[in-house]
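Below: the structure, in structure tokens.
Quantities reported herein were computed from a predicted structural model and do not represent experimental measurements. Atom set for the values below is all heavy atoms of this structure, side chains included, hydrogens, waters and symmetry mates excluded.
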Amino acid sequence: MVVVGAGLAGLTAARELLRAGLEPLVLEARDRVGGRTLGRTADDGTVLELGGQWLADGNERMGRLAREAGATLFRNHDEGADLLEMSGELRHQRGAVPPLKPLALLDVALARFRLDRLVAAVPVRTPWHAPDAARLDDTSIGDWLDRHTRSREGRALLDLAFTTMWGAEPHRLNLLQALAYIGSTGKFDNLTTTKIQDRITGGAAGVARFLADGLGERVLLEAPVTAIRLTAGGVEAESAQGAVRARRAVIAVPPQLAADIRFEPGLPHDRATALRSVPMGAVTKVSALYDRPFWRERGLSGKALTGRGPLTAVFDNSAPGDGSPGVLVGFVPGTRARELAALPEDDRRRAVLDSLVRLFGPQAGTPGLYVEKDWAADPWSRGGYFGLPALGTMTGAVRTLAEPHGPVHWAGSETVLKDYGGMEGAVTSGERAAAEVLAAIGEAAVQPA
Ligand SMILES: Cc1cc2nc3c(=O)[nH]c(=O)nc-3n(C[C@H](O)[C@H](O)[C@H](O)COP(=O)(O)OP(=O)(O)OC[C@H]3O[C@@H](n4cnc5c(N)ncnc54)[C@H](O)[C@@H]3O)c2cc1C
């Protein structure tokens with residue numbers, strides 16, 4: 001069996017195949033495993049998370065894997081006041097109610113209520129069965145907000161929230177996808193609470209390394225797959241390290257990257273269209289390391305949302321316990337990420353640290369270590385956090401993303417709807433693809449010769 005991609009999805013699929021007594025070989029383009037999970041270890045041993053990090057309430061598969069890997073889960077730090085920088089003011093938020101002007105507050109509350117009502121009518125795993133699915137699919141979140149918000153400030157806050165959580169501006173976001181995504185966590189408010197609940201000691205990439213260790217030499221690095229040929233005996237995968245023949249293949253790379261793999265014969269029209277219909281969002285994730293979480297001393301949680309940019313959201317990402325050393329993690333999503341990327345390195349750093357200083361004071365301007373990761377510039381992800389189905393594609397081609405194509409199976413966090421685009425979804429997809437392979441092989445075995 002050949003598995004393309006050593007992210008959580010591919011590694012999980014390979015592990016399941018190995019457990020079932022098969023011999024998987026994972027071909028990975030990069031010189032490391034983990035894909036969109038990535039940590040950078042500072043000199044003092046602190047792991048700075050640069051990719052996927054939070055587990056949501058109910059992400060049991062990832063929780064189990066993390067524990068198997070010897071890690072533990074800990075709650076995200078959120079004691080103290082949150083900050084909201086809006087309309088040129090820095091406001092403090094204690095509790096769940098955002099510090100907005102009354103009209104804006106009402107606007108946001110109504111929009112959330114209406115969204116949750118729509119969410120309740122969308123089946124998470126089969127959103128195309130929702131009443132009015134085609135219309136929702138053709139509508140962007142931006143269009144919906146245009147119709148359902150009245151106040152400038154309320155709209156600005158919702159724009160910020162969507163852009164930060166999806167990695168693209170609302171006019172690019174498919175409403176049907178967004179409703180299923182919100183439904184996966186229960187309701188809109190959970191996106192900023194139970195969706196970002198737990199972290200993994202040592203960093204999420206440790207889980208990928210643990211899975212890869214269990215596979216040993218069955219993971220081949222620096223082996224980008226350029227072609228998949230369907231042969232009489234199954235498949236042939238061509239990579240920079242030569243051709244590999246196998247009975248079946250699991251492609252566990254984001255759709256946008258899978259679209260660049262040459263299929264011989266070519267993929268059916270729908271499938272090829274599906275792969276091209278899910279371009280990645282854009283995000284730059286930054287981490288700043290300080291000797292201690294000084295913002296906590298001022299009663300701040302470290303959580304902030306800012307409309308001024310380039311950062312839109314910041315969180316306390318310190319280690320558990322007293323939080324020393326202190327870490328602030330920030331996100332620059334969508335167009336802001338592209339604009340930031342156009343600047344020279346020093347200017348990028350200054351722009352981000354200026355945001356942190358505005359929010360948390362001068363101490364934030366001199367971190368001991370500052371790191372940034374522009375996911376859109378990474379050729380083996382081409383963006384983040386996940387793929388964003390284009391308008392009108394969820395009820396059409398994108399529906400078929402997880403369907404096998406002969407001996408080729410598909411995994412990756414974009415091939416599931418429950419926990420779409422997240423680490424849990426990646427693991428679920430790997431398990432599903434492995435189960436499909438096993439079922440197909442079992443069927444083949446009982447067929448008459
Ligand atoms: C900044 C950021 C923050 C995030 N935060 C969270 C979070 O807090 N919680 C959460 O649950 N999720 C989060 N995510 C999303 C989560 O990280 C991903 O959904 C998940 O890791 C995807 O796993 P995957 O295996 O499906 O894909 P990937 O991790 O993308 O793995 C695909 C692998 O395939 C390889 N590859 C690509 N093309 C080829 C090729 N042609 N040949 C061979 N190999 C190839 C890639 O190098 C990669 O290793 C975040 C993502 C980003 C970028």
Side-chain angles (χ1 to χ4, degrees), residues 29-53 83 85 160 163-169 203-205 221-222 224 254 256-257 279-295 302-318 325-386:
R30 290 177 164 111
D31 61 0
R32 64 169 179 87
V33 299
R36 279 172 272 168
T37 60
L38 176 65
R40 158 102 182 260
T41 308
D43 288 346
D44 67 359
T46 307
V47 175
L48 303 175
E49 294 273 27
L50 296 172
Q53 63 166 63
L83 296 172
E85 191 180 33
L160 256 186
T163 307
T164 301
M165 288 182 286
W166 269 260
E169 279 68 18
L221 299 178
E222 298 184 88
Q256 190 177 324
L257 286 134
M280 301 296 264
V283 65
T284 292
K285 186 169 177 180
V286 303
S287 271
L289 178 73
Y290 305 92
D291 58 357
R292 58 181 212 289
F294 58 86
W295 51 93
K303 193 168 165 186
L305 207 56
T306 163
R308 222 175 116 182
L311 290 172
T312 60
V314 183
F315 298 86
D316 182 327
N317 227 28
S318 312
V327 179
L328 288 174
V329 67
F331 296 89
V332 183
T335 306
R336 288 177 175 84
R338 293 196 184 85
E339 288 167 2
L340 188 72
L343 302 176
E345 190 180 342
D346 281 354
D347 294 359
R348 292 201 301 272
R349 179 188 155 107
R350 194 168 319 116
V352 169
L353 291 180
D354 282 353
S355 293
L356 293 178
V357 167
R358 278 197 327 266
L359 296 165
F360 299 105
Q363 264 171 297
T366 50
L369 179 66
Y370 171 83
V371 286
E372 64 168 26
K373 170 75 183 167
D374 174 2
W375 285 91
D378 187 322
W380 299 113
S381 292
R382 288 218 224 114
Y385 317 90
F386 43 75

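Within the model, atoms OH of Tyr385 and NZ of Lys285 stand 8.5 Å from one another, a figure rounded to the nearest 0.5 Å. With rounding to the nearest 0.5 angstrom, the CG atom of Leu343 is 14.5 Å from the CZ atom of Arg349. With rounding to the nearest 0.5 Å, the separation of CZ in Arg40 from CG in Leu289 is 10.0 Å. Considering CZ of Arg348 and CG of Leu340, their distance stands at 6.5 Å, rounded to 0.5 Å. Going from atom OG1 of Thr284 over to atom CZ of Arg336 covers 12.5 Å, rounded to the nearest 0.5 Å. The distance from atom CG of Leu369 to atom OG1 of Thr46, rounded to the nearest 0.5 Å, is 9.0 Å.
A side-chain hydrogen bond (donor to acceptor under 3.5 Å, both in side chains) check over residues 302-314, counting only residues at least two apart or in different chains, returns the pairs Glu85-Thr306, Thr164-Thr312.
Closest non-hydrogen pair, Leu356 versus Ala288, comes out as CD1-CB, 4.2 Å. Smallest separation of non-hydrogen atoms from Ala282 and Arg338: CB-NH2, 3.8 Å. Closest of all the heavy-atom pairs between Ala304 and Phe360 is CB-CZ, 4.1 Å.
In this model, no donor atom of one side chain and acceptor atom of the other lie less than 3.5 Å apart for Glu49 and Ser287.
At a threshold of 4.0 Å, the pair Arg36-Asp378 does not count as salt-bridged, since none of the basic side-chain nitrogens sits closer than that to a carboxylate oxygen.
Side-chain atoms of Thr163 never come within 3.5 Å of backbone atoms of Leu160 as a donor-acceptor pair (strictly under, hydrogens ignored).
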